[in-house]
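Okay, so here's the structure we're looking at.
Just so it is clear, the model here is predicted, and its values are computed rather than measured. Every heavy atom of this structure was used, including side-chain atoms; hydrogens, water molecules and symmetry mates were not.
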Amino acid sequence: MIHSRTKAIGQIQAYVIKLIDAQPFHTLRSSKRNAKPSSERPRRAYPKRRKPIPFVSNVKEVQDPVEALSLFDEYHQMGFKHDYPSYSALLYKLARCRNFEAVEAILGHVQDRNIHCRETLFIVLIQHYAKAHSVEKAIELFHQIPSFNCVRTLQSFNAFLNVLIENDRFCEANDIFGRSYKMGFRLNTVSFNIMIKGWLEKGEWEEACKVFEEMLEKKVQPSVVTYNSLIGFLCRKGELDKAMGLLEDMRQKGKYPNAVTYALLMEGMCSVGKHSDAKKMMFDMEYRGCKPQLVNFGVLMTDLGKRGKIDEAKSLLNEMKKRRFKRDVVTYNILINYLSKEGRAAEAYKYFIEMQIGGCVPNAATYRIMVDGFCRVEDFEGALKVFNAMLISRHCPRLESFEYLVMGLMVCGKLDDACFVLDEMRKRDMQLGLEGWKNLVIKACGGGIVAGGLVTELISVH
DNA sequence: TTTTCCATGT
């Protein structure tokens, strides 16, 4: 026992020292994403081939944005003339990795060389900026579109309007909505839908209705989406009767409710405790010619999970199989999540395997739920198993799960595994905080406070 | 890849 503790302290100490030696602590967090020098990077196979791989399909394979850029350069040096498909493929890649500095540099080239761009490129970039919380950049780019010799249509206007609404810039959105005509845009259903959504997000039912009226006055046809926004709002408020009234209204106007409409109503029913009515609606919709979709099953399954009726949720999943519905990640995530929360990680893992056998690829959320689920029941071997699969599919657990996993493995005496996890964390620029290290050493030493001091000392020396 | 939706939550 004493021996293993000494060993543990030794290993942790060695690990901390290795870290400090390798790099100053403060730079660890901000170190560039493991960018290898270009000489170490594996060479692409294109130059030797008789028929070179087109740049576009080549760049799509690349993970690292820096590598994508150098590939772009290599092709250029080989005499390849980059045109719009090249530039857009590169820009999509860079934007997805949030390398906006490079995006701007490349956009500069595009402008200089007068490359003719499609509007969708700008729409995608604006959305990526917004997702990365660079709303200012998104706004700037929207205004710059004409300077790229690209015609700005209602599509980018609507995309931009939506970005403003989704990022708490309601006033600016309302402002350009009002000035749209002067800006040369004729608003369509989508524009009105976005504005209605904006008002509803603020909880302004009356104002949303005013926009709805305005829409009718201007002879812009409301769509299912318009009704869904309004119905969804009422359902969330628990005003089911009003929501059903709107359903009737849309039917009278010859508009067909879709699966989302029914899903919203079913959710509303569940939230006021009318669980069986929600279930009935699944049959009703089918009777009326609207085939249930995954969303509808999802609503019911979530409701069952929330009420702790997990076995019923399981049979619903079976029913889907019987009815030949292709079950997706979300469906499985719902079930796996509730099983995990109930401490039934082993069972959740069965579904985690089942989904993959059925050809359904787990996403970041699935892995996280699974890792956390195993940690919750202190099955750290199970967690490690999922953790490995997670790394292979290039996903990453939450920092808390990482810490918990390291700690758990330590306590089980699986020191090599704990160090492996720590190493993988470091590769992803994820660091245990001072508290984390302290807890780790304290755990390793069996609860001694002295050990905590050791870490503080080790770090403060630096 | 211009708007509505079941779960997570970087």
Side-chain angles (χ1 to χ4, degrees), chain A residues 88 92 95-96 98 118-128 130-133 142 152-166 173 185 187-198 200-201 208 211 215 220 222-233 235-236 250 257-268 270 278 292-306 313 316 320 327-338 340-341 362-373 394-401 428-430:
Chain A
S88 62
Y92 283 134
R96 214 173 300 132
R98 306 201 168 177
R118 294 186 59 184
E119 193 186 16
T120 42
L121 172 67
F122 295 105
I123 293 174
V124 172
L125 291 180
I126 286 171
Q127 287 170 336
H128 275 299
K131 256 193 222 156
H133 307 292
F142 173 72
R152 217 170 41 178
T153 72
L154 190 59
Q155 286 201 359
S156 55
F157 177 85
N158 284 342
F160 178 58
L161 189 68
N162 194 45
V163 160
L164 292 177
I165 289 288
E166 301 245 286
F185 298 109
L187 301 174
N188 66 2
T189 308
V190 175
S191 330
F192 279 97
N193 287 350
I194 295 167
M195 222 46 223
I196 288 175
K197 176 181 76 173
L200 292 176
E201 268 167 13
V211 180
M215 197 172 177
V220 177
S223 63
V224 204
V225 176
T226 323
Y227 280 100
N228 285 354
S229 297
L230 297 169
I231 288 175
F233 178 86
C235 286
R236 278 186 287 276
M250 70 186 288
N258 62 14
V260 176
T261 322
Y262 289 108
L264 292 165
L265 288 163
M266 286 165 64
E267 229 182 343
C270 289
Q293 306 276 315
L294 290 169
V295 218
N296 306 98
F297 285 100
V299 168
L300 289 188
M301 205 177 277
T302 306
D303 181 55
L304 290 169
K306 272 185 197 158
L316 190 62
M320 288 173 73
R327 296 166 294 181
D328 69 340
V329 214
V330 177
T331 332
Y332 276 105
N333 281 357
I334 297 168
L335 189 60
I336 292 175
N337 187 32
Y338 283 109
S340 292
K341 278 193 178 145
N363 62 17
T366 327
Y367 287 112
R368 279 189 198 134
I369 295 167
M370 228 22 271
V371 170
D372 290 354
R394 287 196 302 275
H395 288 107
C396 192
R398 298 179 308 129
L399 183 62
E400 293 94 310
S401 317
R428 282 160 188 76
D429 279 352
M430 289 177 99

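Backbone-only contact: L264(A) has heavy atoms under 4.0 Å from sugar-phosphate atoms and none from a base. If you check every strand for non-hydrogen atoms under 4.0 Å, K341(A) touches sugar and phosphate atoms only. Note on N333(A): a base of the nucleic acid sits closer than 4.0 angstrom, heavy atoms only. Using a 4.0 Å heavy-atom criterion, one finds that Q293(A) contacts no nucleic acid atom at all. Among the heavy atoms of the strands lying under 4.0 Å from I334(A) are primed sugar atoms or P, OP1, OP2 only; no base atom is included.
When DNA chain B is scanned in the 5' to 3' direction for atoms under 4.0 Å from non-hydrogen atoms of chain A, the outermost contacting nucleotides are dT1(B) to dT10(B).
For V329(A), the side chain to side chain contact (heavy atoms under 4.5 Å, CB included) partners two or more places apart in sequence, or in a different chain, are N333(A), M355(A), C360(A), N363(A), T366(A). In terms of the side chain to side chain contact (heavy atoms under 4.5 Å, CB included) criterion, residue partners of N258(A) (sequence neighbours excluded) are, by chain and number, V224(A), N228(A), V260(A), T261(A). Judged as a side chain to side chain donor-acceptor pair (under 3.5 Å), and not counting sequence neighbours, the contacts of Y227(A) are D249(A), K253(A).
Figure legend: R152(A) and F142(A) shown as a cation-pi pair, the cationic atom lying under 6.0 angstrom from the six-membered ring centre and within 45 degrees of its axis.
For residues 294-305 of chain A, the salt bridge (Lys or Arg N to Asp or Glu O under 4.0 Å) pairs, not counting sequence neighbours, are D303(A)-R307(A).
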Return all side-chain donor-acceptor pairs below 3.5 angstrom for residues 295-302 of chain A, not counting sequence neighbours, or 'none' if the list is empty.
from	atom 1	to	atom 2	distance (Å)
N296(A)	OD1	Q293(A)	N	2.9
N296(A)	ND2	A259(A)	O	3.2
T302(A)	OG1	G298(A)	O	2.7

